[in-house]
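First comes the structure, then the notes that go with it.
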Amino acid sequence: MIQATYIVLVLAWIGFACRLVRGPTLADRVIAIDGLLVVGVSGVVVHAADVQRGAFLQLAVLFTLVGFIGTAVVARFIEGRGE
Amino acid sequence: MVVVLYAAAIVVMWVLAWGSLTFANVLGGLVVAAVLVVVTPGGLGRGRSRPPFRPRPIARLAVFAVVEMARSNMWLVRDVLAPRSHLHPGVMAVPLPLCSDGLLTLITNMLALTPGTNPVHVEPDPAVLYIHVLHMHDVEKSRADVLHLADLAFRAFNPDPRAVQRMIEESS
Amino acid sequence: MIGQTIMFCGALLTLLAAVGVLRFPDALTRMHALTKASTVGFGLVAIGAAFVLPTANDITSALLAFALQLLTLPVAATLIANSTYWAERIPAELPADDELEAATNANGTTAADIHDDGERDAP
């Protein structure tokens, strides 16, 4: 079951990466990056549950916070640039 | 009171982040909380009336939030798998009675998680929410859903709990 | 077993978010798919992991990550929606009336005025 979870997360990652490459506007790309971050954080948690070692879980908290700050900064940038 | 709750929440999150409940962690949390309380712009309820604390309406709001989050995913399954012409996106305006900034922020954040709605712009004074909806041909239903959520939030946290209900009755 | 099933459901919801972001017609609608499905999807992954993880320390770390996601994803969504709306004037693609545009036009302000207001308020 955990293997299937990994496969589903990889498919989701590929989906977001397609939007990152294709997305015509900057807003689409920042949405895709936010999605990639959520998939990454989910992957960290699933891996910690898989190998039964919780050493990486602080990474999940860190990615969430840094991802939010990055998204907020790019949103300001979109507003200033008019794109 | 607000300051104490805010500081307690920060200490709890600090201890959770460090993982173990030791004296050093709690002390560190208190220091961080003190710094944040001093630095927060605009003050934290100092000089303003204290927000009321009503446990039953708050519980009802929390249950409603969880149920709406589950429903939003069921709607999303239908919206994603259906053909594109199924969607009619648009922006609608929902005026709300006078409320504090904190309550407006809470309502706006909850709207991002409820089915079919996503806030775009918020005017603080007079309080108007501009919300992007996926089914613009059904605007009045979406507006009623938003007002229902605002009603529950007002009953839980606003000094004047029936303000939204009065507004709904006046307009109908 | 329960934990693994819940984590699998959470991963499926994240896949739903990815499919939504690929299929929806424009940036503002794609935001819908992202916030709603990703938040609940990651929540299910965290709750499922809480059944499987060994120590209480790990469980609280995973739940803390979920609480932070719950607090930050809606705010990020609103910020991006706000910027995208004022930057690209989505109304050209919307078939129906746009009440925000009507309100700003009625006031006599234009997008450029609101734009400057935002920058004046910036710290």
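In this text, all values refer to a predicted model and were calculated from it rather than measured experimentally. Every chain is numbered from 1 and lettered A, B, ... according to where its sequence line falls, protein lines coming before strand lines.
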Which answer fits C/T39, side chain, backbone, both or neither, if we ask what part of it has an atom under 4.5 Å from a heavy atom of chain B? side chain
Side chain, backbone, both or neither: which part of C/L68 has a heavy atom under 4.5 Å from chain B? side chain
Any side-chain donor paired with an acceptor under 3.5 Å for B/H137 and B/H88? yes
Would C/W86 and C/N82 count as having a side-chain donor-acceptor pair, cut-off 3.5 Å? yes
Under a 4.5 Å cutoff for heavy-atom pairs, which residue among B/V77, B/T117, B/L111, B/L81 has the most contacts with chain C? B/T117
Under 4.5 Å heavy-atom distance to chain C, tell me which part of B/T114 shows up: side chain, backbone, both or neither. backbone
Locate the shortest heavy-atom distance separating B/N109 from C/P74; write the atom from each residue and the value. O-CB, 3.6 Å
Could you please spell out the steps behind the side chain to side chain contact (heavy atoms under 4.5 Å, CB included) verdict for C/L34 and C/R30? CA-CA 6 Å; C/L34 180 72; C/R30 285 169 191 150; over 6 Å; no
Can you check whether anything in residues 48-63 of chain C gets within less than 4.5 Å of chain B, heavy-atom wise, and list it by number? C/N57, C/T60, C/S61
Answer whether the closest heavy-atom distance between the side chains of C/F24 and B/V80 falls below 4.5 Å. yes
Do B/L149 and B/E68 come within less than 4.5 Å of each other through their side chains, counting heavy atoms only? no
Any pair with a residue in residues 12-36 of chain B that passes salt bridge (charged side-chain N to carboxylate O under 4.0 Å, His left out), sequence neighbours left out, goes on the list, sorted by first then second residue, please. none
